[in-house]
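Below you'll find the structure, written out as structure tokens, and then a few comments.
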Amino acid sequence: HPIGIVGAPFARGQRKDGVEKGPDYIRRARLVAKLGAQGHQVKDYGDLKFEDVPNDEPLGRVKMPKTVGSANKQLADAVKTVKKNGQTCVVLGGDHSLAIGSIYGHAAARPDLCVVWVDAHADINTPLTSPTGNFHGQPVSYLLRELHSKIPVIPGFSWIKPCLSAQDIVYIGLRDLDPGEHYIIKHLGIKAFSMTEVDRLGIGRVMEEACDHLLSKGKRPIHLSYDIDAIDPSVSPATGTPVKGGLTYRESVYVAEEICRTGLLSALDVVEVNPDRGKTEEEVSSTVSAAVDVVLSCFGQLREGFHPSNYQLP
Ligand SMILES: N/C(=N\O)NCCC[NH3+]
Ligand SMILES: [Mn+2]
Ligand SMILES: [Mn+2]
Ligand SMILES: [Mn+2]
């Protein structure tokens with residue numbers, strides 16, 4: 001499939017400046033050219049322009065709801081357009097609150113989608129269970145039908161209706177959950193492979209079981225929402241909420257290779273790359289490079305090597 005890239009320089013789902021620079025740093029690492037070299041037709045739609053909504057009063061602990069809501073509505077429309085254009089959509093974040101719009105817009109075009117959420121965190125706090133009120137820790141709660149009654153009316157969010165059921169999402173990489181999130185995951189029976197399962201089963205079995213769970217009733221489009229903090233901070237430190245004990249570089253790429261192999265990848269979010277959170281230039285480049293390799297591996301980059309079909313031995 002052709003690929004459509006959308007830059008989403010958004011930081012208002014959390015409190016640390018710099019994550020809005022994610023798209024720029026990933027583009028500067030020549031993502032578009034590298035995808036082209038892999039034989040893909042790539043359309044770069046550029047960056048969305050996000051503006052703070054004036055008089056955006058907090059709602060309890062929830063900060064800047066109108067700004068977060070309108071950014072996600074804008075992104076939802078953009079993702080829907082990319083899908084209508086027959087492209088696999090790649091959203092470059094920006095913080096993970098963007099998954100609200102990305103998944104909503106994707107579901108508008110492909111209602112039968114399922115979600116693979118790769119993250120140290122579950123991002124499934126409701127506005128009432130969220131300890132911080134930061135939206136990037138809540139996106140999944142707005143998307144699940146089973147949690148609809150737990151979401152109060154929030155200014156800027158009237159447009160969204162849940163588009164996922166608990167069995168349509170699988171978590172990989174969890175290792176830092178709030179109490180309310182752990183309760184919700186257990187209570188709803190959401191399939192989750194924490195880093196303990198990654199250690200116990202190995203990433204090969206994890207991917208086998210994750211795909212079996214989501215695709216048991218037949219093929220359907222996959223939305224891969226990849227938070228760069230799923231990867232161990234030794235590899236990707238330049239992010240807002242690093243947590244030790246994460247995916248190795250190899251595991252992070254293997255996840256993408258296996259999703260690629262399903263042939264069902266329909267949309268990809270790569271979020272939470274925050275260049276301002278790298279202590280050194282090397283920390284930033286290592287993080288950006290990991291993000292680029294996740295994307296390239298989603299679209300066919302193989303560690304076993306590659307030669308064009310028309311290659312001739314000299
Ligand atoms: N990176 C984050 N989510 O993926 N931070 C917010 C979650 C903290 N509970
Ligand atoms: Mn996240
Ligand atoms: Mn995270
Ligand atoms: Mn309602």
Side-chain angles (χ1 to χ4, degrees), residues 8 10-23 26 61-64 68 71-72 75 91-104 115-144 147 150 164 169-186 190 192-195 198 223-247 251-252 255-256 267-278 287 290-291 294:
F10 191 65
R12 296 303 194 204
Q14 48 89 62
R15 306 289 166 74
K16 292 164 186 146
D17 290 342
V19 70
E20 72 284 352
K21 298 175 188 166
I26 291 171
R61 268 174 305 208
V62 174
K63 305 274 180 298
M64 305 189 85
V68 176
N72 275 289
L75 179 60
V91 172
L92 304 177
D95 72 62
H96 220 163
S97 66
L98 292 167
I100 297 171
S102 180
I103 292 171
Y104 185 85
V115 176
V116 178
W117 194 282
V118 184
D119 201 327
H121 312 94
D123 297 353
I124 198 169
N125 277 297
T126 69
L128 303 179
T129 68
S130 168
T132 62
N134 296 338
F135 271 101
H136 74 154
Q138 305 174 38
V140 181
S141 76
Y142 295 87
L143 299 165
L144 287 180
L147 291 177
K150 302 290 179 195
L164 276 182
I169 182 169
V170 170
Y171 283 112
I172 298 170
L174 301 183
R175 56 189 187 275
D176 179 16
L177 269 59
D178 299 315
E181 296 183 296
H182 186 251
Y183 174 86
I184 289 168
I185 289 171
K186 292 296 170 204
I190 295 174
F193 296 94
S194 74
M195 288 308 299
V198 172
H223 187 113
L224 176 60
S225 203
Y226 213 117
D227 187 324
I228 207 70
D229 70 30
I231 307 174
D232 192 84
S234 62
V235 175
S236 69
T239 189
T241 44
V243 185
K244 62 181 183 296
L247 297 175
E251 289 166 337
S252 77
V255 168
L268 167 67
D269 310 318
V270 180
V271 298
E272 300 282 357
V273 171
N274 186 337
D276 291 359
R277 302 278 299 170
T287 306
V294 163

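The chain is numbered in sequence order, starting from 1. Atoms within a ligand are numbered from 1 in the order they appear, just like the ligands themselves.
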Numbered atoms and elements of ligand 1 in range of Asp119, under 4.0 angstrom, heavy atoms: 4 (O)
Residue and atom names of protein N/O/S atoms that fall under 2.8 Å from the Mn ion (ligand 2): His96 ND1, Asp119 OD2, Asp123 OD2, Asp227 OD2
Residue, atom name and distance, where the atom is the protein heavy atom closest to atom 6 (C) of ligand 1: His136 NE2, 3.3 Å
Side-chain (Tyr104) to main-chain (Tyr142) donor-acceptor, under 3.5 angstrom: no
Part of Asp229 within contact of ligand 1 (heavy atoms, under 4.0 Å): side chain
Nearest-contact summary for atom 8 (C) of ligand 1 - protein heavy atom, Å: His121 CD2, 3.9 Å
Heavy atom of the protein closest to atom 3 (N) of ligand 1 (residue, atom name, distance): Asp123 OD1, 2.7 Å
Distance-only side-chain donor-acceptor flag, Thr239 / Asp229, under 3.5 Å: no
Lys21 vs Asp276, salt bridge (Lys or Arg N to Asp or Glu O under 4.0 Å): CA-CA, chis, key distance, verdict: CA-CA 8 Å; Lys21 298 175 188 166; Asp276 291 359; 2.8 Å; yes
Minimum side-chain heavy-atom gap Leu147-Ile184 below 4.5 Å: yes
Parallel, tilted or perpendicular: ring planes of Tyr171 versus Trp117, cut at 30 and 60 degrees: perpendicular
Structural part of Asp178 in contact with ligand 1, heavy atom criterion under 4.0 angstrom: side chain
Side chains of Lys16 and Asp95 in contact at under 4.5 Å (non-hydrogen atoms): no
For Arg15, side-chain contact (heavy atoms from CB on, under 4.5 Å) partners two or more places apart: Lys63, Asn134
Criterion side-chain hydrogen bond (donor to acceptor under 3.5 Å, both in side chains) against Asp178, the qualifying member of Thr129, Thr132, Asn125: Asn125
Shortest non-hydrogen contact between Leu98 and Gly93, atoms and distance: CD1-CA, 3.9 Å
His96 N/O to ligand 1 N/O under 3.5 Å: no
